[in-house]
Amino acid sequence: MTRMTTIGAAQLGPIARTEPRAQVVRRMIALLDRAKDRACKLVVFPELALTTFFPRWFMTDQAEVDAFFEREMPSAETRPLFEAAARHGIGFYLGYAELTPDGRRFNTSILVDDRGTIVGKYRKVHLPGHAEHEPERPWQHLEKRYFEVGDLGFPVWRTMGAVMGMCICNDRRWPETFRVMGLQGVELVLLGYNTPDRNTAGFEPNHLRMFHNDLVLQAGAYQNSTWVVAVAKAGVEEGVGMIGGSCIVQPSGEIVARVSTVGDELVAFDCDLDLARLGKETIFNFARHRRIEHYGAITAQTGATPPPE
Ligand code: CDT
């Protein structure tokens, strides 16, 4: 028996600082139309998909920052995306900056089902970068300034015939992200990202950016026997190169589909969700093989404590 579902990774090319949301939504609907032609049931868009990646700028005017945030979802500008997806019978993952009614700001993703209903929300837990202006960098990465740490944990949802979870960008580098969802039986992890093609914190060969992207996606998939669909905002955005490389990883850890450009591009793959079963029932049968009596440090401490010299 197989549970086949076609999933689309809908990569976006650069979004200019001045590009209106309505224009970005039109680009996303064009990708949804292609996804419909490819018989996709689910499409994944990037992190902070509606605007340029604004944490690259230090801003002191809160109104200027808040212009990048969504106060409602859907809004007048994003409703056409929901309507197009529902018309096509396609569910989707969407990343955006969320400003709550009580004034809290999160880097958020939602899971929308194939009828246009929001069935899940995730708020990014592992915020990278820094909170203060660091003028020595060629650009900033101020997620720690503009967002609070997510307060929803890593839930999963049984929807559209699968157990799905979400995370966002830097979360993928942390094995705990995948394991907490793995412990809830996740079969399909959806994630969007914005990854600059250069490390501005210290020297690192640029090729490592894509290597590390693949490394953590493939490890997360394999070690938890889950599909992973990872989707970038790519290309040169406001002078900053973003790695792209959006891909679909099967539970064996192998990349089975990958984009070939750093622009707007849809790549689709027929995913057999039952491929997640083998690993879950054998080598990564958690109930049989995990040894939690030896894992206490994972939740008891954050930093490393090497033995005394
Ligand atoms: N958006 C995001 O989380 N980007 C980070 C950049 C890390 S360098 C500050 C990432 O993990 O790709």
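These numbers were taken from a predicted model, which means no experiment stands behind them. Atoms within a ligand are numbered from 1 in the order they appear, just like the ligands themselves. Numbers for residues simply follow the sequence, beginning at 1.
- Judged by distance alone, the side chain of Asn285 and the main-chain N or O of Thr282 form no donor-acceptor pair under 3.5 Å.
- Here the heavy atom of the protein found nearest to atom 2 (C) of ligand 1 is Cys169 SG, 2.8 Å.
- Classification of Arg123 and Glu148 as a salt-bridged pair fails, no side-chain N sitting under 4.0 Å from a carboxylate O.
- Paired with Phe92 under the rule side-chain contact (heavy atoms from CB on, under 4.5 Å), one option of Val44, Leu31, Leu81 passes, and it is Leu81.
- Side-chain atoms of Gln184 come within 3.5 Å of backbone atoms of Val180 as a donor-acceptor pair (strictly under, hydrogens ignored).
- Shown in contact with Asn170 at under 4.0 Å from a heavy atom are these atoms of ligand 1, numbered in order with element: 3 (O), 11 (O).
- The closest protein non-hydrogen atom to atom 12 (O) of ligand 1 is Thr195 OG1, 2.6 Å.
- Using a cutoff of 4.0 Å between basic side-chain nitrogens and carboxylate oxygens, Glu237 and Arg56 are scored as salt-bridged.
- Here the heavy atom of the protein found nearest to atom 6 (C) of ligand 1 is His141 CE1, 3.6 Å.
- Considering every non-hydrogen atom in both Tyr193 and Cys169, the closest pair reads CB-SG, 3.4 Å.
- Those atoms of ligand 1 that come under 4.0 Å of a heavy atom in Arg172, given as number and element, are 10 (C), 11 (O), 12 (O).
- For atom 7 (C) of ligand 1, the nearest protein heavy atom (residue, atom name, distance) is Pro128 CB, 4.2 Å.
- Each of the following atoms of ligand 1 lies closer than 4.0 Å to a heavy atom of Glu143: 1 (N), 2 (C), 3 (O).
- No side-chain donor from either of Gln11 and Asp264 sits under 3.5 Å from a side-chain acceptor of the other.
- Scanning all protein heavy atoms for the shortest distance to atom 11 (O) of ligand 1 gives Arg173 NE, 2.7 Å.
- The side chain to side chain contact (heavy atoms under 4.5 Å, CB included) search around Thr159 returns Leu111, Asp113, Val119, Trp157, Met164, not counting sequence neighbours.
- The distance from ligand 1 to the heavy atoms of Asn194 drops below 4.0 Å at these ligand atoms: 1 (N), 2 (C), 4 (N).
- For ligand 1, the atoms sitting less than 4.0 Å from at least one non-hydrogen atom of Phe53 are 1 (N), numbered in the order shown with element in parentheses.
- Residue Lys124 has at least one heavy-atom neighbour below 4.0 Å for each of these atoms of ligand 1: 1 (N), 2 (C), 3 (O).
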